[in-house]
**Q** 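Got a structure for you, written out below as structure tokens; questions coming shortly.
Every chain is numbered from 1 and lettered A, B, ... according to where its sequence line falls, protein lines coming before strand lines.
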There are 2 protein chains.
Amino acid sequence: MSPDPTFHNLASDLVVLSARLTRAVRREVEHPAGARALSILDELGPAGVTALAVADRCSQPTMTATVKGLEEQGLVSRRPHPTDGRAQVVDLTDAGHAELARIRRLNAELVTARLADTDHTAEEVATAVAVMRDILRPNPQEDTL
Amino acid sequence: MSPDPTFHNLASDLVVLSARLTRAVRREVEHPAGARALSILDELGPAGVTALAVADRCSQPTMTATVKGLEEQGLVSRRPHPTDGRAQVVDLTDAGHAELARIRRLNAELVTARLADTDHTAEEVATAVAVMRDILRPNPQEDTL
DNA sequence: TGGATTTACATAGCCTTCCTATGTAACCAT
DNA sequence: ATGGTTACATAGGAAGGCTATGTAAATCCA
């Protein structure tokens with residue numbers, strides 16, 4: 001039942017280190033919740049509030065509030081869904097695309113500056129990204145993660 | 001000046017994916033701030049509030065509040081520093097060690113369940129952990145990250 | 001030695017980001 | 001047509017963060 005303890009520790013460390021990296025970046029890049037939403041919108045394309053909440057793994061009211069804030073900043077637009085009277089279609093504005101690019105540049109600068117001091121190759125970073133992407137890949141079965 | 005665009009994207013993705021993993025885990029594991037502090041205390045051993053704040057990259061008042069909460073839950077103890085009248089020595093209690101073990105088990109379960117569906121090897125996960133650890137390694141020069 | 005600076009921690013006040021519970025309106029299936 | 005479901009909004013509150021500031025101990029140095 002108990003898995004390989006090495007794997008167990010690695011998995012736990014990955015979570016802890018992710019949390020710390022997130023904390024570290026948060027000090028430099030403001031409004032991380034909005035940034036996540038912009039990033040998801042860029043990946044999904046125009047989407048409704050509930051779909052965004054699922055993708056970000058937050059509650060629907062939380063995403064409603066996030067989108068509202070982004071709209072007030074002019075970073076996203078909202079229009080009624082053409083055929084479904086209940087739904088909204090949220091999309092990035094030009095300003096939203098620009099802001100997302102700015103955030104990505106900031107993120108990259110913070111990380112590359114640190115990686116430059118190490119002997120890690122781009123391939124190793126790519127492996128890290130691939131592992132995390134697969135961990136977070138949507139899984140129809142379980143809603144737990 | 002502008003670095004390899006591939007590397008740039010990888011670095012940015014790593015930040016974004018870390019933020020999402022952190023969000024996802026947060027839904028399962030309560031009080032992430034306290035959990036981070038417990039983890040750091042375990043790595044550092046007994047330490048003062050300011051040292052913990054530096055390690056967690058949060059402000060000193062934030063760590064003061066976190067430690068206060070952990071103390072109220074009986075997860076850490078505090079005693080005056082033996083020689084420095086200003087300082088406190090914070091340490092894990094037995095209950096704190098137990099809680100940390102519980103959190104690590106939860107983290108590991110969440111991640112391993114997802115990794116099991118992929119073809120990633122333990123070595124690849126180890127690479128991911130090593131990369132992130134080096135990104136977060138304390139750097140005397142720059143305080144930016 | 002003694003005043004100035006630095007360091008360690010606490011307090012106050014505020015903001016963002018989350019949540020659950022609940023409400024409303026539109027859609028859908030019988 | 002009406003009962004269940006779905007999409008989103010609102011309300012209220014907790015957690016976690018920050019800056020600014022206060023206090024007291026330690027350290028520095030003239």
**Q** Is a donor on one side and an acceptor on the other found under 3.5 Å between the side chain of B:E124 and the backbone of B:T121?
**A** yes
**Q** What is the distance, rounded to the nearest whole Å, between atom NE2 of A:H31 and atom P of C:dC18?
**A** 12 Å
**Q** To the nearest Å, give me how far apart CD (A:Q60) and C1' (C:dA21) are.
**A** 12 Å
**Q** Which two nucleotides bound the region of DNA chain D that has atoms under 4.0 Å from heavy atoms of chain B, read 5' to 3'?
**A**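 Here the contact window of chain B covers D:dG16 to D:dA26.
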**Q** Taking for each residue the nucleotide of DNA chain D bearing the nearest heavy atom, is the 5' side occupied by A:R23 or by A:A51?
**A**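 Taking each residue's closest nucleotide, the earlier one in sequence belongs to A:A51.
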**Q** Is the number of heavy atoms from other residues, nucleotides or ligands under 6.0 Å of B:E30 CD greater than 12?
**A** yes
**Q** Starting at CD of B:Q88 and ending at P of C:dT7, how long is that distance when rounded to a whole Å?
**A** 19 Å
**Q** Out of C:dT16, C:dA8, C:dA26, which has the shortest distance to the side chain of A:D84?
**A**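 Shortest atom-to-atom distance from the side chain points to C:dA26.
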**Q** What's the CZ-C1' distance between B:R27 and C:dC18, to the nearest Å?
**A** 9 Å
**Q** Taking A:S18 for its side chain and B:T22 for its backbone only, find out whether a donor-acceptor pair lies under 3.5 Å.
**A** no
**Q** Treating Ile, Leu, Val, Met, Phe, Trp and Tyr as nodes and any side-chain heavy-atom pair under 4.5 angstrom as an edge, say whether A:V131 and A:L115 lie in one connected cluster.
**A** yes
**Q** On DNA chain D, compare the nucleotides closest to A:R26 and A:T50; which residue's is nearer the 5' end?
**A** A:T50
**Q** Would a distance-only check, ignoring hydrogens and angles, find a side-chain to backbone donor-acceptor pair under 3.5 Å from A:H31 to A:A33?
**A**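 Side chain of A:H31 to backbone of A:A33: no pair is present.
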**Q** Could you run down the sub-3.5 Å N/O contacts of the protein with nucleotides 28-30 of chain C?
**A**
none

**Q** Name the residue closer to the 5' end of DNA chain C, choosing between B:G48 and A:G34 according to the nucleotide with the nearest heavy atom.
**A**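 It is B:G48, whose closest nucleotide lies nearer the 5' terminus.
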**Q** Test your reading of the model: is there a side-chain donor-acceptor pair from A:T93 to the backbone of A:L75, 3.5 Å cut-off?
**A** yes
**Q** Do B:S39 and A:R20 have side-chain N/O donor and acceptor atoms under 3.5 Å apart?
**A**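 A donor-acceptor contact under 3.5 Å links the two side chains.
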**Q** Once side-chain hydrogen bond (donor to acceptor under 3.5 Å, both in side chains) is applied, do any residues pair with A:R26, and if so which ones, sequence neighbours excluded?
**A** none
**Q** Are there over 12 heavy-atom neighbours, none belonging to A:E123, within less than 6.0 Å of that residue's CD?
**A** no
**Q** With sugar-phosphate meaning primed atoms plus P, OP1 and OP2, does A:P61 contact a base, only sugar-phosphate, or nothing at under 4.0 Å between heavy atoms?
**A**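 A:P61: base contact, heavy atoms under 4.0 Å.
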**Q** If I take atom CG in residue A:L38 and atom P in nucleotide C:dT17, what distance separates them, rounded to the nearest angstrom?
**A**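 Checked: the CG to P distance equals 11 Å.
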**Q** Round to the nearest Å and state the distance from A:E30 atom CD to C:dT16 atom P.
**A**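 Those two atoms, CD and P, are 12 Å apart.
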